[in-house]
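Start at 1 and go down the list; that is how both ligands and their atoms are numbered. In this text the structure is predicted, and so the values were computed from the model without any measurement.
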Amino acid sequence: MKPLVFIPELIASCGLELLRTACDCVAPWEDGNPALEASQLRGLLYEADAVIVRLFSITAQDLQKAGRLKVIAKHGVGVDNIDCQAATARRIPVVYTPAVNTDAVAEYTLALMLALSRQINLASEALREGRFSERNRFQGVELTGKTLGIVGLGRISTRVAQIAALGFGMTVYAYDPYVSPAMYSGPATLVEELETLLRLADFLSLHVPLTPGTARMINRQSLTLIKLGCRIINTSRGGVIDEDALILALREGRLAGAALDVFEEEPLPADHPLCHAPNVLLTPHIAGLTQTSLERTALMAAQGILDVLHGKTPEHVVNPEALG
Ligand code: NAD
């Protein structure tokens, strides 16, 4: 019998094709099935030998019930929706797909920064509502000559720093306690304290994983230190920002704007206070979604699963200690 791979969320068809060379795949979305109940989806997980998840969560409780599960593949890099510790305890490797959407997310971060600096979403909304004559309300700021502060200097933000510095002539500072200045040779200047970055940045862009050390690192206190009129861009994880504190800072005018692709709660409810906050640009977690990146991600996730099922060492594994 072929191993059974459960794929609760849409992935590019090339990933399914690769898996089907050696496995049976259960992908309820594939033939246009109406959305299954959450409990039905969980039931499918408990029958599977392998699973590919995007935002679908896998808890320690799930792992207890998923007795056949041999490998979890994260379609992406942020593994905060998977209890990796519980997976390790059960010797289930968690494979992931680093670098495949670096360019997509980096370019999208710059797109958000540009849109925010020129209020493009608000101007477009005004025009479609017949308010063309309000055009003078939409005076923006230029990126050229401004200071960008980057929190977390990893794959995505290294690319953001290059485009911002070399393309837009921005001065770039970065805060990342895990990057040694001696090992870094890009255009950003590393600072030792987050507070320094907050005081310097006209634009603050967040690129850290969600961990206990980064949860709500942008909070009421940090937002009192931030440069007046700063604009925040978040394409990392929603939990990195205290959203109530952010809304307050926007309402009080301490922040000139915020562009958010990720939220503490996803999907973001339509009546969420963020939807009514001033000068915000919100998108539904799409920074990494380009055709190229989706194809590369699906192929890498599928390959990771096949490697584990065939007893090979996968290229990218979050918990190598789980490999037998
Ligand atoms: P990466 O691992 O290459 O970089 C993360 C960086 O954060 C590392 O350099 C690390 O040292 C640094 N870091 C960790 N803890 C820190 C702390 N407390 N303070 C400062 N820096 C800290 O990751 P990446 O591939 O560049 O991805 C970055 C983020 O983007 C992740 O949160 C990921 O989930 C998110 N992401 C979002 C989307 C999307 O569609 N919106 C797509 C891909 C990735």
With heavy atoms under 4.0 Å as the rule, classify the contact between Leu289 and ligand 1 as side chain, backbone, both or neither. neither

Counting only nitrogen or oxygen atoms and a 3.5 angstrom limit, does Arg237 reach ligand 1? yes

Heavy atom of the protein closest to atom 24 (P) of ligand 1 (residue, atom name, distance): Ile156 CD1, 3.8 Å

Gly152: numbered ligand 1 atoms lying under 4.0 Å from its heavy atoms: 7 (O), 12 (C), 21 (N)

Nearest heavy atom to atom 42 (C) of ligand 1 wins, so pick from Leu194, Val105, Val160. Val105

Report, in ascending order of atom number, the atoms of ligand 1 lying under 4.0 Å from any heavy atom of Gly78. 34 (O)

Shortest protein heavy-atom distance from atom 31 (C) of ligand 1, along with the residue and atom involved: Val208 O, 3.7 Å

Would you name the heavy atoms of Asp242 and Asp244 that are closest together and state the gap between them? OD1-N, 3.1 Å

Using a 4.0 Å cutoff against the non-hydrogen atoms of His285, which atoms of ligand 1 qualify? 39 (C), 40 (O), 41 (N)

Looking only at distances, please establish whether an N/O atom of ligand 1 is found under 3.5 Å from an N/O atom of Gly288. yes

More than 12 heavy atoms of other residues, nucleotides or ligands under 6.0 Å from CZ of Arg118: yes or no? no

For ligand 1, the portion of Tyr108 having any non-hydrogen atom under 4.0 Å away: neither

For atom 9 (O) of ligand 1, grab the closest protein heavy atom and report residue, atom and distance to one decimal in Å. Asp176 OD2, 2.7 Å

Measure the shortest side-chain to side-chain distance between Leu10 and Arg54 over non-hydrogen atoms and say whether it is less than 4.5 angstrom. yes

Just jot down the ligand 1 atoms closer than 4.0 angstrom to any heavy atom of Thr214, in number order. 15 (N), 16 (C), 17 (C), 18 (N)

For atom 15 (N) of ligand 1, which protein heavy atom lies nearest, and how many Å away is it? Tyr178 CE1, 3.4 Å

Regarding ligand 1, does Arg155 bring an N or O atom to under 3.5 Å of one of the ligand's N or O atoms? yes

Contacts of Asn101 meeting side chain to side chain donor-acceptor pair (under 3.5 Å) (sequence neighbours excluded), chain-then-number -> none

of all protein heavy atoms, closest to atom 28 (C) of ligand 1 is His207 O, 3.3 Å

Could you tell me which atoms of ligand 1, counted from 1 in the order shown, lie closer than 4.0 angstrom to a heavy atom of Pro177? 19 (N), 20 (C), 21 (N)

For Thr235 and ligand 1, does the shortest N/O to N/O distance drop below 3.5 Å? yes

Indicate yes or no: does an N/O atom of Asp261 lie under 3.5 Å from an N/O atom of ligand 1? yes

Inspect the surroundings of CD in Glu321 and state if more than 12 heavy atoms from other residues, nucleotides or ligands are less than 6.0 Å away. yes

Output yes when the distance from some N or O of ligand 1 to some N or O of Asn101 is under 3.5 Å, and no in every other case. no

Strictly distance-based, threshold 3.5 Å: is any side-chain N or O of Thr102 a donor or acceptor partner for the main-chain N or O of Ile156? no

Work out which heavy atom in Lys70 is nearest to a heavy atom in Pro93; give both atom names and the distance. O-CD, 3.2 Å

Least distance between heavy atoms, Leu148 atom then Met170 atom: CB-CE, 3.9 Å

State, to 0.1 Å, how close Ile72 and Val53 come at their nearest heavy-atom pair, and which atoms those are. CG2-CG2, 4.5 Å

Can you tell me which residue and heavy atom of the protein come closest to atom 33 (C) of ligand 1, and the distance to 0.1 Å? Val77 CG2, 3.6 Å

For atom 7 (O) of ligand 1, which of Pro209, Ala287, Gly154 has the closest heavy atom? Pro209

Let me confirm one number: the CG-CZ distance from Asp80 to Arg237, rounded to the nearest 0.5 Å. 4.5 Å

Look only at the side chain of Asp307 and the backbone of His310, and say whether a donor-acceptor pair between them is shorter than 3.5 Å. no

Should we say atom CD of Glu9 is surrounded by more than 12 heavy atoms from elsewhere, each under 6.0 Å from it? yes

Could you give all pairs that pass the salt bridge (Lys or Arg N to Asp or Glu O under 4.0 Å) test and reach residues 178-197, with sequence neighbours left out? Glu195-Arg199

